[in-house]
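Presented below is the structure to which this report refers.
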Amino acid sequence: MIRFYNTLSGQKEEFIPLEPGQVKMYTCGPTVYDYAHIGNFRAYVFEDLLKRFLLAMGFKVTHVMNITDVDDKTIRGAKAKNLSLEEYTKIYTEAFFEDIDTLKILRADYYPRATHHIPDMVKMIKGLMAKGYAYEKDGSIYFDVSKFPNYGQLAKIKISELKTGVRIDADEYSKDSVQDFALWKKRKEGEPYWETELGPGRPGWHIECSVMSTKYLGETFDIHCGGVDNIFPHHENEIAQSEAYTGKKFVNYWLHCHHLIVEGEKMSKSKGNFYTLRDLTSRGVDPLDLRYLLLATHYRKMLNFTFDGLRQAGAARRRLYDFIYELYHRTFPPGETPEIKTLVKEAKNKFLAALSDDLNISQALTALFELVKKGNIFLAQGQVKRGDRQILDQALQDLDKVLAVLPALEEEQLPQEILKKIEERQKARAARNYALADKIRDELRAQGILLEDTKEGVRWKRIKPTSS
RNA sequence: GGCGCGGUACCCAAGUGGCUAAGGGAGAGGUCUGCAAAACCUCGAUUCGCCGGUUCGAAUCCGGCCCGCGCCUCCA
């Protein structure tokens, strides 16, 4: 049984998709006004884990992620750089796709852009007006929250208890009630606008998600994800709009991931602890170490990003890599050991059972590391046969289809000069000139090549160059 | 004020009524090695923020308190 914590009910619920074997999920995507930061990626990596887990469980997953390419920030950014909105958002949209590839995040099936769905939004807004849920004021159109009795169901907020007054009309639009939100913003001088039946203007933020999710997934769909900060008002408003419009339940399961903080503090540009993926990779951080770090803390728990944590993530990944390395660089006798088949089966079962319980990643990783530990013991005892090697390797690859944290085990050719050095060292060792041998080993290590002498000869691994 | 999350070993982090409190990192000792590295073995919380209570039995349930954090109108 698969169970997820549903923000709507505030508890874990059995997951039953609308259509057996099929999952339709929508995840809130980037506003393409800047490079995405590691907090954004925490959400995307969590969603990727969720999706990969569902795929591993045999579901067909239809995944939609929006690209918000028109809002205050994109407009402001484009203006500052003297670019058209389209030119400006293109830069960050492309960067976004590069980044998710770097982090091995699977592509969604659809990436609808807000600016490509204006007519759909107009249609929904008109429908809401016709049903009396929306009203026009000064050329802008607002959703009337008082007309939707269930407003606040997701965020557990009562309208009457909302703290009021601080940022009323910060954007200079007028509306009947503070909690009402804009569906359509009238044209402002110097800003992009669309000429529509609603008058010249641009869409509010929330409407795009209601329109694009239901367009690609249906009026009711299974899963909607985002960061906790989206619960209110964004997702609350999406529910109000969508359900007011269709008269049907919008989403069955709402999954929200918690925020990330950096070295114990909220990440912010002013504190200087704000990191994009590019900031980290340019410092030499392995993106998959970051992926592991983001993945390894349960999604509903606040994650404290630290550079020490990144190092620990790297060490954990290294342990996995070393195990696979052994599988590929030893010679094994023919045959198989039945215990290994059992071991692998139990590990897989435990792994998926753990993730089935609201994505309990810690226990899933425990299953993985127990497999490696016991596998290493069999390896040390010389009990791994050719058939077992295959089974162990396949198991690791299967689990990594969900985690996607293992480095590729490509057979990389070392440059000729390094191969020569290794050979030179082997000669020195044979001649018992260990001083020279160690000197060469240190040199190569500084270049990121780690040498290990085993019974089956010398072998090398790529490591981060030591800065000594 | 409202809603919510968390405090488990040196660090990260599972476990929510009962076998020895997972796993990873770091550390100590040992095996292997020319020395290393990797791997393996051994060790490491009589204890789960604090104080009460319920129970045969609690890190886990109840009450109170302390501490840290997030959100409360466009920030994942």
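As the structure is a computational prediction, the values presented were derived from the model and not from experiment. Just so it is clear: chains get the letters A, B, ... in the order the sequence lines come, proteins before strands, and each one is counted from 1.
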Item to complete: Take A:V405 and A:L295 through the side chain to side chain contact (heavy atoms under 4.5 Å, CB included) test and state the conclusion after the steps.
Response: CA-CA 9 Å; A:V405 295; A:L295 211 55; 3.9 Å; yes
Who are the ring pair (Phe, Tyr, Trp, His ring centres under 6.0 Å) partners of [X], not counting sequence neighbours?
X: A:F274; answer: A:H37
X: A:H234; answer: A:W205, A:H206
X: A:F96; answer: A:Y44

Hey, could you give me each pair passing salt bridge (Lys or Arg N to Asp or Glu O under 4.0 Å) that has a residue in [range]? Not counting sequence neighbours.
range: residues 303-314 of chain A; answer: A:D308-A:R311
range: residues 26-37 of chain A; answer: A:D34-A:K269
range: residues 364-384 of chain A; answer: A:K350-A:E370

Under 6.0 Å between ring centres, would you say that holds for [X] and [Y]?
X: A:F250; Y: A:F221; result: yes
X: A:H258; Y: A:H298; result: no
X: A:Y275; Y: A:F307; result: yes

Could you list all N or O pairs between the protein and nucleotides 30-34 of chain B that sit under 3.5 Å apart?
from, atom 1, to, atom 2, distance (Å)
B:G34, N7, A:R429, NH2, 3.3
B:G34, O6, A:R425, NH2, 3.4
B:G34, O6, A:R429, NE, 3.2
B:G34, N1, A:D438, OD1, 3.0
B:G34, N2, A:D438, OD2, 2.7

Item to complete: For RNA chain B, just give me the dot-bracket, please: Watson-Crick or G-U, both distances below 3.5 Å, ( ) intra-strand, [ ] crossing earlier pairs, | paired with another strand, . unpaired.
Response: ((((((((.[[[..)..(....]]].(((((.......))))).....[[[[[..)....]]]]])))))))....
Nucleotide N/O to protein N/O under 3.5 Å, stretch nucleotides 7-10 of chain B:
none

Worksheet item: Considering residues at least two apart in sequence or located in another chain, which fulfil the side chain to side chain donor-acceptor pair (under 3.5 Å) criterion with A:D388?
Response: A:T337
Worksheet item: The side chain of A:K73 lies closest to which of these nucleotides: B:C71, B:C75, B:A39?
Response: B:C75
Item to complete: Applying salt bridge (charged side-chain N to carboxylate O under 4.0 Å, His left out), name anything that partners A:R317, two or more places apart in sequence or on another chain.
Response: A:D286, A:D289
Practice prompt. Indicate for each nucleotide in nucleotides 16-29 of chain B, in 5' to 3' sequence, whether protein heavy atoms under 4.0 Å reach the base (B), only the sugar-phosphate (S), or nothing (-).
Written response: ------BSBSS---
